[in-house]
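Notes follow once the structure below has been shown.
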Amino acid sequence: MNRRQFLNRMMAGAAAFGASATLPPMAGWAQAGLDATPSAPNAAPRPLAVTSRTLEVKGKAARVFGLAQPDGTPGLTLEAGSSFDVALSNRAGEPTLIHWHGLTPPWAMDGVPDNPAALLPPAETRRYTFPAGAGGTHWMHAHTLQEQNLLAAPLIVRTAADRQRDEQEVVILLHDFSFTPAEDLLAKLKANSAGAMPMDHGAMNPGGMNHGGMNPGTMNPGAMDHGTMNHGAMGNGGAMGGMAGMMSSGAMGQMHGGSGTAMAGMGAMDLNDVDYDAYLANDRTLDDPEVVTVEKGGRVRLRIINGATATAFTIDTGSLDGQLIAVDGQAVQPVAGRTFPISMGQRLDIRLALPQAGGAFAILALREGAAERAGVILASPGAAIAKIPVAGQAKGPVLGLDLEQRLQAAEPLAPRAADRRFALTLAGNMADYSWRTEGGDGLRIKRGERIEVALTNMSMMAHPMHLHGHHFQVIGINGKAVGGALRDTVLLPPMARVTLAFDADNPGRWPLHCHHLYHMASGMMTFVAYEGVG
């Protein structure tokens, strides 16, 4: 199956909702399942269902997906070192498939349509069994446009040390939400981008449209013809190729001015393709945020997941000092701060110490380059909780690589020379809304090798790049060697270069793609393929 067939299957898997059971909004998100007893060896698989449910967003009813256990608990919490043994049932009334983001299953169980497993038909159940891994904050989501409609949930793997710590765990799953079906959002992006001039994204407001009569099933998946994309628009970067190594992430941050901001001679930079109707934390807006009861003087571990499809955030812990202790489920040397960037698909574990006096503390997710916010409230018993406006007084920071340059893996890869090195260019533009990887067709590897991949972003948008089936270490940023974090998703700002390394220990044909849903759906994906597979 080639990339075009893969993407068409992704579109086909996101048809209109069928008739299915309706569940209430998922309650108890922040600590859901964290005290669950792990399954005993040889026990029956844990049931998990893809459902549809009704959610109220800004006073309107919205039909969305869910991923829940029989009691309505969203997602799963597993024990490190145990078996991931799950019976996934499809009760959503349409075909779908779930990707276990952050885990390293066998290729056949990765959850990407036709790579190699087929979509899961309605009313059918499929069993997944593989090692859960060493622990971490992960998540699960559809690898189709259904992801936009909240088909995602936390997937937490807790260690024995996690259970023994005297700290409260709070899970926060971020989303961007639109009443417009994902197919129509993508079609509008392409329609508005037609022509030579970059589109004005500030004028595209899905919230101003009447979506009641839309039928996402009427879109022809075959219309997304990647074979006709203009791959010559940016080539391999040309004279711009040397800029990635010369520009610091700080300089890039200063040049970003928001959606549609231009840089002389280099076209338009864009931060946000879509202005969403709402931004959610655990299914709720700041108009009615989740309030998590915490102890005075207690310790809290935030497990934050950016499940948004096209929105990056900065986590703001307000008056509380935080310690970043893990990214993408992998431990890092602690980094102190109160603001931490998180792009699509990434996760942050932040440890907080609450004051003895208690109080109410907002944990906010600031939308990149815009005023909108989402978040939850941590509150000790009896604390007064003030109303927090959805829109802040300032725009959220533009994400760069400043934090990435400071991160150090707690357990880095063993020193070893690379057996193979690859160079991959991220290219595309807003003018025709086409995105692609260049040089990726040759990512053929062998089991047991140490692999290095240099990613260079020659487009004017940032791309969070996600590799399936592996964890990689960031070893270079803009030409400078670093002993960076272990990750599965790394951000590439415009004109940036990041080099990653991983050990080839999980045979398969693994997607390497942008975790901006509409960039992936428009072509920004390649594959890391083991010899003899696929």
Side-chain angles (χ1 to χ4, degrees), residues 80 102 104 133-138 159 161 244-253 304 306 314-315 322-337 339-343 345-351 399-424 426 443 445 448-457 462-493 495-506 510 512 515 528:
T104 54
T137 301
H138 307 302
T159 66
M246 296 187 292
M247 288 189 174
S248 69
S249 58
M252 290 306 303
I304 303 174
N306 188 356
T314 293
I315 302 303
Q323 268 201 331
L324 180 65
I325 58 174
V327 297
D328 294 359
Q330 309 298 312
V332 295
Q333 299 296 334
V335 176
T339 58
F340 303 92
I342 182 168
S343 195
Q346 294 183 328
R347 288 88 68 209
L348 300 176
D349 284 41
I350 301 171
R351 182 167 286 145
L399 273 63
L401 293 173
D402 294 335
L403 176 62
E404 199 71 49
Q405 292 173 333
R406 298 170 58 196
L407 295 178
Q408 295 182 7
E411 297 183 9
L413 293 179
R416 176 181 171 184
D419 296 294
R420 300 199 197 200
R421 291 184 173 89
F422 300 93
L424 187 64
L426 313 180
L443 268 69
I445 65 176
E449 293 181 325
R450 170 64 60 84
I451 307 300
E452 292 185 7
V453 182
L455 302 169
T456 303
N457 182 8
H463 302 290
M465 297 300 292
H466 173 51
L467 175 63
H468 288 224
H470 303 78
H471 299 118
F472 55 77
Q473 184 174 8
V474 176
I475 63 169
I477 297 178
N478 291 330
K480 177 183 177 181
V482 297
L486 287 173
R487 283 193 173 277
D488 55 56
T489 308
V490 66
L491 180 67
L492 270 293
M495 302 299 118
R497 177 182 295 133
V498 173
T499 303
L500 54 90
F502 65 94
D503 290 326
D505 55 7
N506 194 6
W510 299 101
L512 172 59
H515 221 281
V528 175

So, taking the atom named [atom1] in [X] and the one named [atom2] in [Y], what distance separates them when rounded to the nearest 0.5 Å?
X: Leu491; Y: Leu403; atom1: CG; atom2: CG; result: 11.0 Å
X: Asp328; Y: Ile342; atom1: CG; atom2: CD1; result: 8.0 Å
X: His470; Y: Leu500; atom1: NE2; atom2: CG; result: 11.5 Å
X: Leu413; Y: Leu486; atom1: CG; atom2: CG; result: 5.5 Å
X: Leu424; Y: Met465; atom1: CG; atom2: CE; result: 6.0 Å
X: Gln330; Y: Asp349; atom1: CD; atom2: CG; result: 10.0 Å

Do you know which two heavy atoms are closest between [X] and [Y], and how far apart they sit?
X: Ala134; Y: Thr159; result: O-CG2, 3.3 Å
X: Asn506; Y: Thr104; result: ND2-O, 3.7 Å
X: Gly322; Y: Ile350; result: CA-CG2, 4.0 Å
X: Pro341; Y: Leu399; result: CB-CG, 3.6 Å
X: Ala326; Y: Val332; result: N-CG2, 3.7 Å
X: His466; Y: Asp488; result: ND1-O, 2.9 Å

Quiz item: What is the ring orientation for His138 with His471, classed by angle as parallel under 30°, tilted 30 to 60°, or perpendicular over 60°?
Solution: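 Answer is parallel, since the angle falls under 30°.
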
Quiz item: Testing Val498, Leu492, Val474 for side-chain contact (heavy atoms from CB on, under 4.5 Å) with Leu401, which one passes?
Solution: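 With Leu401 as partner, side-chain contact (heavy atoms from CB on, under 4.5 Å) holds for just one option, Val498.
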
Self-check item: Single hit among Arg421, Gln473, Arg420 for side-chain hydrogen bond (donor to acceptor under 3.5 Å, both in side chains) with Glu452
Solution: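 Single pass found, and it is Arg421.
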
Going by heavy atoms in the side chains, are [X] and [Y] under 4.5 Å from each other?
X: Leu426; Y: Thr456; value: no
X: Phe340; Y: Ile304; value: no
X: Val528; Y: Phe422; value: no

Quiz item: Is there a side-chain contact (heavy atoms from CB on, under 4.5 Å) between Gln346 and Arg487 once you walk through the steps?
Solution: CA-CA 8 Å; Gln346 294 183 328; Arg487 283 193 173 277; 3.4 Å; yes

Quiz item: Does CD in Gln333 sit with more than 12 non-hydrogen atoms of other residues, nucleotides or ligands closer than 6.0 Å?
Solution: yes

Quiz item: Are the side chain of Asn457 and the backbone of Ala496 linked by a donor-acceptor contact shorter than 3.5 Å?
Solution: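 Here the side-chain-to-backbone pair does not exist.
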
Quiz item: Step by step, would you call Leu407 with Leu324 a side-chain contact (heavy atoms from CB on, under 4.5 Å)?
Solution: CA-CA 9 Å; Leu407 295 178; Leu324 180 65; 3.8 Å; yes

Exercise. Check the pair Leu512 / Phe472 against side-chain contact (heavy atoms from CB on, under 4.5 Å), numbers first and verdict last.
Key: CA-CA 12 Å; Leu512 172 59; Phe472 55 77; 5.9 Å; no

